[in-house]
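Shown next, in structure tokens, is the structure this report addresses.
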Amino acid sequence: MPELPEVETVARRLSTVLSGKVIQGVSVLREKSFQGDPSRLTGLTIKSVSRRAKIISINFHEDIKIIVHLKMTGQLIYFSKKEKIGGGHPSQDWVSKLPSSHTRIVMDLSDGAKLFFNDMRVFGWWKVVSGEGAELEFQKYGPDVNTDAFSLEYFLSKLPNRRVSIKQVVMDNKVVAGIGNIYASEALFLAKIDPTRATNSLSKKEVTRLFPFLKKVIEDGINAGGTTFDGKYVDVFGFAGSYQNQLKVYGQDGENCKICKSIIEKVKLGGRGSYFCPSCQK
DNA sequence: AATTATGTTGCGGT
DNA sequence: AACCGCAACATAAT
């Protein structure tokens with residue numbers, strides 16, 4: 001479910017509530033969701049929480065990390081009876097009722113707070129790894145879209161041999177990490193480029209036009225706290241993001257284009273639903 | 001009631 | 001290498 005903005009939002013908010021806390025124990029309710037030995041974590045103090053690509057990293061003072069991938073439906077939900085959450089907002093009611101039938105892992109903190117990993121489809125995972133192990137995982141990905149390492153020159157260099165659609169390449173996390181199905185559709189709309197275009201048919205001028213919009217949609221997504229619909233993505237306190245209010249094409253098939261009033265169309269690219277305005281995007 | 005869709009990635013085969 | 005189809009799994013919507 002989450003793309004870079006959602007994962008970044010979760011990592012930032014987790015860091016504020018988890019840093020400095022001591023793990024009392026980690027309970028694995030579904031074996032498939034956890035790789036490693038959970039007992040190694042008991043007694044460790046959490047140093048920080050960070051993000052690389054769509055992976056969350058819970059960091060300790062020792063050479064050990066918990067890396068977490070939410071895949072399609074993973075959620076990390078923090079609950080503490082004592083603290084007022086998120087600057088004084090009370091937790092959502094359903095948060096206080098966890099664990100649910102979709103809860104796969106529970107982390108207990110020594111102050112009584114809990115971190116729940118809910119994952120309906122069980123694609124997501126936690127792995128206990130060394131710093132080196134985390135690096136090996138991160139090396140599978142290209143540069144994060146919101147970093148200087150993802151430059152126009154680099155992007156241009158990755159495109160010439162690709163015959164598949166530009167949307168598929170933008171979503172290829174070995175090329176650039178962090179862009180998923182929603183933000184890919186949105187960036188291509190803003191750049192007025194047809195997502196079905198063969199990548200090697202784009203001119204340098206078109207790639208140059210697209211490039212800053214890849215950064216913009218991700219930045220705007222982070223600033224909005226991510227995209228939520230059907231209540232599937234929520235932050236660590238159970239609250240929705242707001243980027244869904246800025247979506248121009250994703251999920252808008254059959255609606256009027258916000259620019260030209262044409263009907264937004266949906267096609268399948270690489271097996272994924274893809275939305276675009278056939279009039280604005282060429 | 002069966003088929004199809006879902007915000008992700010990895011695999012095996014061509 | 002790049003690409004394609006399918007796989008992991010659970011649920012809601014047609």
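Numbers restart at 1 for each chain; the letters A, B, ... are given by sequence-line order, proteins then strands.
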For this session: Would you kindly give the CD-to-P distance between A:E31 and C:dC9, to the nearest whole Å?
Result: 14 Å
Exercise. For atom P, what is the distance between C:dA1 and B:dT8, given to the nearest Å?
Worked result: 26 Å
For this session: Could you check whether A:F123 and the base of C:dA8 form a stacked pair, meaning centres closer than 5.5 Å and planes differing by less than 30°?
Result: yes
Problem set entry | Rounded distance (Å) that lies between atom C1' of B:dA5 and atom CG of A:D253 | 12 Å
Problem set entry | P gap between C:dT11 and B:dG10, integer Å | 24 Å
Exercise. Using the C1' atom in both, what is the distance from C:dC3 to B:dT6, to the nearest Å?
Worked result: 23 Å
Exercise. Counting any heavy atom closer than 4.0 Å, what does A:F229 reach on the DNA or RNA strands: base, sugar-phosphate only, or nothing?
Worked result: base
For this session: Provide the distance between the two C1' atoms, one in B:dT9 and one in C:dA12, to the nearest whole Å.
Result: 23 Å
Problem set entry | Check: A:F237 ring centroid to A:F79 ring centroid under 6.0 Å | no
Problem set entry | N-O pairing of A:D144 and A:R52 below 4.0 Å | yes
For this session: Can you figure out which of B:dT8, B:dA5, C:dA2 approaches the side chain of A:R272 most closely?
Result: B:dT8
Exercise. Side chains of A:N118 and A:T103: is there a donor and an acceptor less than 3.5 Å apart?
Worked result: yes
For this session: Using heavy atoms to find the nearest nucleotide of DNA chain C for A:H102 and A:K32 separately, return the residue whose nucleotide is more 5′.
Result: A:K32
Problem set entry | Position toward the 5' end of DNA chain C (nearest nucleotide), A:V169 or A:S101 | A:V169
Exercise. Hey, do the aromatic rings of A:F276 and A:F189 have their centres closer than 6.0 Å?
Worked result: no
Exercise. To the nearest Å, how far apart are A:R162 CZ and C:dC4 P?
Worked result: 10 Å
